Amino acid sequence: MSKLPKRADDYSAWYNEIVKRADLAENSPVRGCMVIKPYGMAIWEKMQRTLDDMFKETGHYNAYFPLLIPKSFLSKEASHVEGFAKECAVVTHYRLKNAPDGSGVIVDPEARLEEELIIRPTSETIIWSSYKNWIQSYRDLPILLNQWANVMRWEMRTRLFLRTAEFLWQEGHTAHATAQEAIEETRTMLDVYARFAEETLAIPVIRGVKSANERFAGAEDTYCIEAMMQDGKALQAGTSHFLGQNFAKAFDVKFAGKDGKLDYVWGTSWGVSTRLMGALIMAHSDDNGLVLPPNLAPIQVVVVPIFKGEDSVAPLKEACNRIARLCKKLGISVKVDDRDTQSPGWKFAEYELKGVPIRLALGLRDLEAGTVELFRRDTMSKQSVPELQLEELLPELLEQMQRTVYEKALAFRQANTYTVDSYDDFKRLIEEQPGFYLAHWDGTPETEERIKQETKATIRCIPLPGQLEGIAEPGTCMVTGKPSQGRVVLARAY
RNA sequence: CGGGAUGUAGCGUAGCCCGGUCAUCGCGCCUGGUUUGGGACCAGGAGAUCGCAAGUUCGAAUCUUGCCAUCCCGACCA
């Protein structure tokens with residue numbers, strides 16, 4: 001097996017190769033759609049489990065709504081349909097038949113649907129059509145639902161995990177009696193996402209608000225978490241929307257308050273997708289392959305025996321199994337790879353490619369000395385440790401590695417974040433050194449559009465208070481010189 | 001969807017310009033043996049209607065046209 005492309009030579013080739021070689025996903029026969037392979041799915045499942053627990057802790061329940069949405073639903077909220085119309089797949093027929101000329105099957109023209117169905121690009125509309133039936137009184141509120149689902153957006157250019165036509169995600173949809181409560185929900189979920197990104201994915205994020213141009217179609221406000229990838233580009237890792245009464249009005253969802261007056265319900269929606277897999281890869285991995293934070297690694301410790309002659313097999317296997325039992329006792333996911341069909345060197349390279357955090361190798365020398373060779377993936381360093389110390393060492397080390405991976409990503413972001421005051425400087429610097437740029441902006445969509453046209457950079461977010469040092473002071477817009485309340489984050493983005 | 005490139009075995013490739021024993025090589029795969037402290041070695045073997053479809057021709061991987069897919073650059077986007 002040859003080496004991966006290097007990040008410095010061709011970042012996107014490196015990304016594409018790592019996804020395939022680490023056995024995460026591959027392209028399918030269907031344009032823009034991916035096959036998520038078992039190892040990739042195992043990582044996604046770990047993300048799901050952690051998030052799902054966090055949603056439940058914050059009072060949410062799971063539900064499931066249909067894949068297909070009546071076409072008429074989508075058009076009820078004007079800006080929503082405008083945002084999604086260009087990328088919808090449509091079901092028009094419900095039957096196939098044999099072609100008269102025997103060439104296969106064709107769509108039966110007799111079986112045309114009365115009303116065409118849209119494959120969901122997101123589920124606000126179908127969910128709010130149900131909420132209309134579920135909500136009459138303030139006593140029915142709040143409704144706090146989440147669903148794990150697939151959605152489809154007919155993208156022009158796709159990349160595995162980062163942008164696929166079909167992707168897996170979760171979408172939360174909540175309904176509230178007051179604007180205040182809905183806004184709090186929006187912020188709570190943003191916080192859940194930020195904690196998940198930082199504690200589980202080990203990716204530092206900036207919490208912020210989107211500018212009007214970048215807002216979700218149908219939302220009053222879109223909050224987001226923005227992460228930096230190793231090529232200095234930004235990736236939106238999660239969004240939480242305050243929907244105001246937009247969908248309640250579109251679907252006529254009213255409730256009677258304590259005072260007996262009817263009012264429209266306030267809504268939120270929030271989601272993260274398999275795109276997080278892309279974020280995970282691009283935030284941490286290196287030229288040797290994946291680097292997984294221990295909290296997400298399907299295999300946290302792999303144990304590899306190094307055989308030497310027939311007589312060494314039984315005792316080495318026994319020692320490996322002894323270590324595996326210890327790991328299980330400690331709640332560490334472990335795999336013993338005692339195949340004699342692959343050489344130790346092959347296995348080393350393989351598990352490095354797959355990002356297994358810790359590798360323990362042991363041969364006859366170790367058996368005699370009572371040691372194992374311990375390799376950690378994040379630093380690519382080896383040391384010999386007494387087997388008896390593993391019980392103490394492994395949990396400690398996994399925890400430490402989780403922190404190290406996070407700190408490395410944070411240091412990278414800090415090293416690639418710049419403050420800039422002149423638009424000419426910005427235009428030059430964004431070419432020379434990709435990263436986050438903190439600059440003053442006059443708050444108008446026109447200026448934002450101009451920056452985007454001229455530099456391909458966008459306003460990633462207006463950071464929430466306390467997110468970044470020294471950006472809260474007022475100043476003047478770097479483009480127009482008009483007043484600005486504080487600095488915003490600009491970057492080129494995925 | 002606009003501009004560019006590519007498509008030959010599971011993967012990476014040679015051949016294409018100058019149609020005709022050219023389907024080449026490496027990895028991987030299978031069998032047997034020797035091995036195992038950083039992607040082992042030797043011997044033997046299997047595997048390809050040269051992306052798909054039409055056309056030109058006595059003859060097409062090679063020339064022409066259309067389509068499909070992938071990658072890069074734009075527009076769009078989680």
Side-chain angles (χ1 to χ4, degrees), chain A residues 1-5 10-13 15-17 20-21 26-34 82-88 103 121-122 150-171 193 210 213-217 222 224-227 234-241 269-279 288-289 304-310 312-313 316 337-353 359-369 371-373 375 380 382 384 452-453 456 458 460 493-494:
Chain A
M1 185 88 69
S2 59
K3 288 220 187 302
L4 278 174
D10 187 343
Y11 195 77
S12 62
Y15 176 83
N16 292 335
E17 275 298 299
K20 284 177 197 149
R21 299 263 286 271
E26 62 189 24
N27 283 309
S28 76
V30 182
R31 178 196 167 83
C33 296
M34 63 180 162
E82 199 191 318
F84 287 106
K86 287 166 292 187
E87 49 191 36
C88 285
S103 63
T122 180
N150 56 343
V151 288
M152 176 159 275
R153 299 180 187 176
W154 208 267
E155 299 288 349
M156 290 303 154
R157 267 178 83 183
T158 60
R159 291 185 77 189
L160 291 173
F161 291 121
L162 290 176
R163 180 169 299 107
T164 45
E166 181 193 20
F167 56 92
L168 305 184
W169 76 344
Q170 60 67 219
E171 45 181 330
Y193 288 155
K210 285 291 185 194
N213 285 3
E214 302 278 323
R215 198 178 281 154
F216 175 74
T222 288
C224 63
I225 51 173
E226 291 286 327
L235 186 136
Q236 177 176 301
T239 49
S240 183
H241 315 291
S269 67
W270 28 275
V272 298
S273 71
T274 36
R275 184 178 228 205
L276 290 178
M277 295 287 292
N288 297 302
V304 178
I306 295 156
F307 299 125
K308 189 117 194 168
E310 278 298 307
S312 70
V313 173
L316 282 169
D337 190 347
D338 58 8
R339 290 177 293 175
D340 62 0
T341 52
Q342 311 292 350
S343 71
W346 187 93
K347 292 175 190 172
F348 294 172
E350 180 71 7
Y351 292 111
E352 280 157 28
L353 184 61
R359 179 184 73 229
L360 301 175
L362 64 163
L364 288 176
R365 289 205 305 251
D366 295 289
L367 273 195
E368 280 170 30
T371 58
V372 298
E373 180 191 84
F375 170 91
M380 296 286 283
K382 282 193 273 207
S384 180
K452 186 175 175 181
Q453 290 304 323
K456 295 181 207 158
T458 50
R460 299 318 304 155
Y494 278 98

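Labels below follow one simple rule: chain letters A, B, ... track the order of the sequence lines, proteins then strands, and each chain is numbered from 1. Just so it is clear, the model here is predicted, and its values are computed rather than measured. The figures that follow rest on heavy atoms only: side chains count, while hydrogens, waters and symmetry mates do not.
- Using modelled atom types, no side-chain atom of A/Glu166 and backbone atom of A/Met34 make a donor-acceptor pair closer than 3.5 Å.
- Comparing the P positions of B/C27 and B/C41 gives a spacing of 8 Å, expressed to the nearest Å.
- The side-chain heavy atoms of A/Thr222 and A/Glu214, taken from C-beta on, include no pair separated by under 4.5 Å.
- Between the P atoms of B/U62 and B/U6, the separation comes to 15 Å (whole Å).
- Nucleotides B/C25 and B/U70 have their P atoms positioned 32 Å apart, rounded to a whole Å.
- Side-chain nitrogen and oxygen atoms of A/Ser12 include none within less than 4.0 Å of the OP1 or OP2 phosphate oxygen of B/C71.
- B/A69 and B/A53: their P atoms are spaced 16 Å apart (whole Å).
- Comparing the C1' positions of B/G15 and B/C63 gives a spacing of 16 Å, expressed to the nearest Å.
- Regarding contacts with the backbone of B/C76, every side-chain N or O of A/Lys86 stays at 4.0 angstrom or more from both OP1 and OP2.
- Following rounding to the nearest Å, A/Glu310 (CD) and B/U34 (C1') show an atom-to-atom distance of 12 Å.
- Within 3.5 Å, a donor on the side chain of A/Lys382 pairs with an acceptor on the base of B/G38, or the reverse.
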Base contacts versus sugar-phosphate-only contacts with protein, heavy atoms under 4.0 Å: please encode nucleotides 1-11 of chain B as B, S and - from 5' to 3'.
B----------
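- At B/G74, one or more side-chain N or O atoms of A/Lys456 fall inside 4.0 Å of OP1 or OP2 (strictly under the cut-off).
- Whole-Å rounding puts the A/Arg365 CZ to B/G37 P distance at 10 Å.
- Counting any heavy atom pair closer than 4.0 Å across all strands shown, A/Leu364 reaches a base atom.
- For the pair A/Ser269 and A/Phe216, the tightest heavy-atom approach, listed with the atom from each and the gap, is OG-CE2, 4.4 Å.
- Formation of a donor-acceptor pair under 3.5 Å by the A/Thr274 side chain with backbone atoms of A/Phe167 is not found in this model.
- The residue A/Phe375 sits close to a base: some heavy atom pair falls under 4.0 Å.
- Not counting sequence neighbours, the partners of A/Thr158 by the side chain to side chain contact (heavy atoms under 4.5 Å, CB included) test are A/Glu155.
- For B/U36, neither phosphate oxygen OP1 nor OP2 lies less than 4.0 angstrom from any side-chain nitrogen or oxygen of A/Ser343.
- Nearest-nucleotide assignment on RNA chain B puts the 5′-proximal partner with A/Asp10, out of A/Phe161 and A/Asp10.
- Annotated stems with RNA chain B as a participant read B:1-7 with B:68-74, B:10-12 with B:25-27, B:29-34 with B:40-45, B:51-55 with B:63-67, given as range with range, by first number; only runs of 3 or more Watson-Crick or G-U pairs under 3.5 Å qualify.
- Summary of the strand contacts: A/Gly363 and A/Asn27 both lie near RNA chain B, and taking for each the nucleotide with the nearest heavy atom, the more 5' one is attributed to A/Gly363.
- As judged by a 4.0 angstrom heavy-atom cut-off over every strand, A/Phe167 is placed among the base-contacting residues.
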